[in-house]
Structures are given as C-alpha cells and as structure tokens.
Protein chains: 2
Amino acid sequence: MTQRPVPFDALDRKIVAALVENARTSFTEIGAAVGLSATAVKRRVDRMREDGVITGFTTTVRPAALGWRTEAYVEVYCDSAAPPRRLAEVVRDYPEIMAAMTVTGGADALLHVRARDVEHFEEVLERIRAEPFIRKTISYMVLSHLLTASPEAGAALAAPEDPAAAADPTGDA
Amino acid sequence: MTQRPVPFDALDRKIVAALVENARTSFTEIGAAVGLSATAVKRRVDRMREDGVITGFTTTVRPAALGWRTEAYVEVYCDSAAPPRRLAEVVRDYPEIMAAMTVTGGADALLHVRARDVEHFEEVLERIRAEPFIRKTISYMVLSHLLTASPEAGAALAAPEDPAAAADPTGDA
DNA sequence: AATGAAAAGTGTTGGCA
DNA sequence: TGCCAACACTTTTCATT
C-alpha cells in the first residue's frame with residue numbers, strides 16, 4: 001500500500017477546511033482563525049502538499065456556463081479478457097470522461113461523462129461503444145442535482161464524526 | 001430557465017483554465033500568460049464570479065488521507081409518491097453523501113457516498129434504507145480509479161472542441 | 001520539532017487617465 | 001483597458017522555545 005501514516009492534527013484539519021472552503025484565503029487570515037502565524041500556516045500547507053494530503057488548488061465552475069449542459073453516468077461491460085489497465089488507457093483519450101473507476105456489480109467500470117448536449121453525448125457514446133473490447137454500455141442521464149456538495153472532501157471535513165479517523169488516517173492501528 | 005447568455009470569450013476561457021489548474025495562481029502571472037494586466041485579469045475574474053461562471057475556489061485533498069477510504073455509488077428507488085424535493089431534504093442530512101442527482105433509468109436517484117470504511121458505509125446505507133419512502137437501493141462500491149480527472153470542468157476546459165460552445169455558452173442561438 | 005518576528009519580494013486592489 | 005500607488009500577502013532567514 002502507498003499509505004504512509006501521515007501525522008495530521010486538529011490544526012491541520014482546520015487549515016485544510018479553510019482552504020477547501022476557499023482556496024484563495026490568505027495564510028494570514030487562516031492563521032488568525034486557527035491561532036497561528038502566517039508563517040506556521042504556510043509551513044503546514046507546504047508539508048501537507050508534500051505528504052499528498054493536499055493534492056491541489058482548483059476553481060469550480062458551472063459547467064453549463066462553459067457549454068457543457070449534459071451529464072451522464074455510464075456503466076461499461078468489457079470482454080472478460082480486457083484488463084482494467086487497457087480501459088484506463090482508452091478512457092484517457094476522451095476529454096468528455098470526467099472520471100472512470102472500476103466497481104463492484106455486473107459492470108466492469110463506471111464512467112462520469114459530460115457533453116455539450118444530447119447529440120454530443122450520443123456521439124461520445126458511439127465512440128466508446130466502438131472500442132474493440134467493450135461489449136455493452138448502460139447510460140444514466142443526469143436530470144437534476146439534488147445536492148451540489150463542495151468538491152470532494154468538503155463535507156467530509158465538516159463532519160469528522162469519528163475522532164479515531166482523524167488521529168490515525170491510515171486506520172491500520 | 002436560469003441560464004442567462006453570459007458573454008464569455010477566449011481570454012476568459014484561458015483565465016478560467018489557469019485558475020482551474022491552480023486556484024492560487026496570481027493575477028499577475030495569469031496576465032503575463034494571456035497578455036493582459038493583472039488588473040484586467042482581476043476584473044474579469046470578479047465579473048465571472050458575479051455571473052456565476054466561476055462558483056468558487058477550492059482545495060483538493062486525497063480523501064484517504066483524511067480517513068475516508070471507502071466510496072460507492074448508490075442507486076435509490078423511491079415510492080412513486082415521493083417527490084425529488086423530499087429526497088433532496090433527506091440527502092442534506094448525510095455528510096457522507098457527496099453528491100445526489102435524479103437520473104434516467106429505473107432508479108429515482110444516484111448517490112455518491114464516501115465513508116471511512118466498509119463498516120461505516122454499511123451503517124450509512126442502513127440509515128438511508130430506513131428512510132420511510134425509500135424502497136430499495138443498489139450499491140456499486142468503487143474499487144479503483146482509472147482516471148483522476150481535474151475536478152469538474154478541468155478536462156472540459158482543456159478541450160473546447162466546439163467553438164460554438166465557447167462563443168455562445170447557452171447554445172440558444 | 002515547530003514556532004514567531006522581521007525583512008524583502010510579490011501580489012492585490014482602487015483611483016485615475 | 002492600463003498604469004500607478006498604497007496596502008496586503010508570501011516567503012525566506014534568523015532567533016526562540
């Protein structure tokens with residue numbers, strides 16, 4: 001496993017929470033909120049980036065504003081001979097595929113796809129289905145969002161219900 | 001519809017792309033890259049925030065580092081009487097639910113759930129299934145990620161294949 | 001080990017052309 | 001939109017606990 005037991009205390013958690021809420025918050029301001037100097041905050045952030053706890057700072061956009069108005073989840077069924085690695089390569093060639101993962105259940109993989117419109121989505125789907133080792137696909141078009149959670153661990157940070165999880169991120173203890 | 005035809009040119013797109021790649025990039029640096037003064041970049045970013053094109057700046061973390069090591073997509077089947085609005089309310093009470101949306105197909109909704117481990121996930125699932133109007137659920141546990149795309153529209157921004165989409169984000173023309 | 005204070009460099013932001 | 005100036009933030013160095 002590539003999971004080192006990275007030390008991670010309550011102060012780190014608060015800093016990450018602040019940065020998840022707004023990645024452009026100044027270290028000075030975060031420091032004032034958590035009771036640390038800007039210097040100390042910066043050092044902790046640098047360390048968390050080194051440790052791979054923080055993987056980046058990004059901007060969230062309303063996809064529709066950029067012309068991506070169609071969204072779907074697609075179950076992919078492969079020939080039993082095709083290894084996940086092969087699928088990973090294929091998936092990389094599609095800018096419309098936002099995420100791809102192997103899952104339990106009948107399907108071999110689940111794809112998160114965005115397209116400009118239904119026509120574009122159909123075109124993407126046809127391309128995917130034409131891939132040699134793909135047997136069939138089942139699409140679930142997204143109709144409306146019931147919850148627009150903060151990206152990734154936003155909610156997670158807000159609710160660290162289990163103290164053990166925070167104290168020992170690896171859970172190997 | 002809440003979709004105003006927001007003007008959005010190539011320069012805006014480049015600026016957003018830069019900020020999606022790194023939300024902490026300085027306006028000065030972005031300006032140098034796109035051929036604009038820092039002031040002009042700031043004004044465009046402010047405008048895009050006003051217009052709702054940019055919805056926020058956030059930090060991406062490795063969920064496992066925060067103690068969230070289990071992930072699943074859950075199809076939810078409701079009593080036909082239950083309106084989506086009702087589901088939206090329920091879903092808000094679960095910090096483990098990262099995203100929820102109504103979808104086409106047999107299921108009424110699809111949930112993206114994160115949990116500390118399989119035990120925690122089972123506990124969450126039991127709570128969800130105990131909700132009065134939920135008839136059944138089908139879970140797809142995520143085994144491995146084949147693609148860790150940049151959050152949301154990262155890939156989309158990198159590949160604005162269709163010029164029409166950029167020139168007229170609403171597509172109403 | 002980790003912190004804070006200070007200094008120098010850089011970025012932000014509002015006014016004005 | 002750009003330029004400029006005041007202010008704020010970042011980041012390195014050095015000293016402290």
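Chain letters run A, B, ... following the sequence lines, proteins first, then strands; residues in each count from 1.
Pairing each heavy atom of B:Ile128 with each of B:Ile134, the nearest pair is O-CD1, 3.6 Å. In plain terms, the two heavy atoms of A:Arg116 and A:His120 that are nearest each other are N-ND1, 2.9 Å.
The other members of the hydrophobic cluster of A:Val142, by chain and number, are A:Tyr73, A:Tyr77, A:Met101, A:Val103, A:Leu110, A:Ile138, A:Tyr140, B:Tyr73, B:Tyr77, B:Met101, B:Val103, B:Leu110, B:Ile138, B:Tyr140, B:Val142 (side-chain heavy atoms under 4.5 Å, ILVMFWY only).
Taking a 4.0 Å limit (strictly below) on heavy-atom distances, residues 35-45 of chain A reaches DNA chain C at A:Leu36, A:Ser37, A:Thr39, A:Ala40, A:Arg43, A:Arg44.
As rounded to whole Å, 17 Å separates atom C1' of D:dT1 from atom CD1 of B:Ile30. Rounded to a whole Å, the CZ atom of B:Phe27 is 13 Å from the P atom of D:dT10. Counting to the nearest Å, the C1' atom of D:dT10 and the CD atom of A:Glu29 are 15 Å from each other. In this entry the distance linking CG of A:Asp46 with P of C:dA1 reads 18 Å, nearest Å. In this entry the distance linking CG of A:Asp51 with P of C:dA1 reads 15 Å, nearest Å. Taking atom CG of residue A:Leu19 and atom P of nucleotide D:dT10, one finds them 10 Å apart after rounding to whole Å. Rounded to an integer number of Å, the gap from B:Arg49 CZ to C:dT13 P is 10 Å. Per the geometry, CD1 belonging to A:Ile15 stands 12 Å off C1' belonging to C:dA2, to the nearest Å.
Taking a cutoff of 4.0 Å between a charged side-chain nitrogen and a carboxylate oxygen, A:Glu89 and A:Arg86 qualify as a salt bridge. A salt bridge links A:Arg114 with A:Glu71: the closest approach of a Lys/Arg side-chain nitrogen to an acidic carboxylate oxygen falls below 4.0 angstrom.
DNA chain C forms stems at C:2-17 with D:1-16, each a run of 3 or more consecutive Watson-Crick or G-U wobble pairs whose two key distances fall under 3.5 Å.
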Pairwise N/O distances under 3.5 Å, protein to nucleotides 6-8 of chain D:
none

Determine, stepwise, if the pair A:Leu66 / B:Phe8 fulfils side-chain contact (heavy atoms from CB on, under 4.5 Å).
CA-CA 8 Å; A:Leu66 295 172; B:Phe8 188 80; 3.1 Å; yes

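For residues 14-42 of chain B, no residue pair satisfies the ring-ring contact (aromatic ring centres under 6.0 Å, His included) rule, not counting sequence neighbours. Applying the salt bridge (charged side-chain N to carboxylate O under 4.0 Å, His left out) test to residues at least two apart or on different chains, the pairs with a partner in residues 29-44 of chain B are B:Asp9-B:Arg44, B:Asp12-B:Arg44, B:Lys42-B:Asp46.
Heavy atoms from other residues, nucleotides or ligands lying under 6.0 Å from CD of A:Glu21 number 12 at most.
A donor-acceptor contact shorter than 3.5 Å links the side chain of A:Thr104 to the backbone of B:Met141. Listed for the A:Arg135 side chain is no donor-acceptor partner under 3.5 Å among the backbone atoms of A:Asp79.
Of the side-chain N and O atoms in B:Arg24, none sit less than 4.0 angstrom from OP1 or OP2 of D:dC9.
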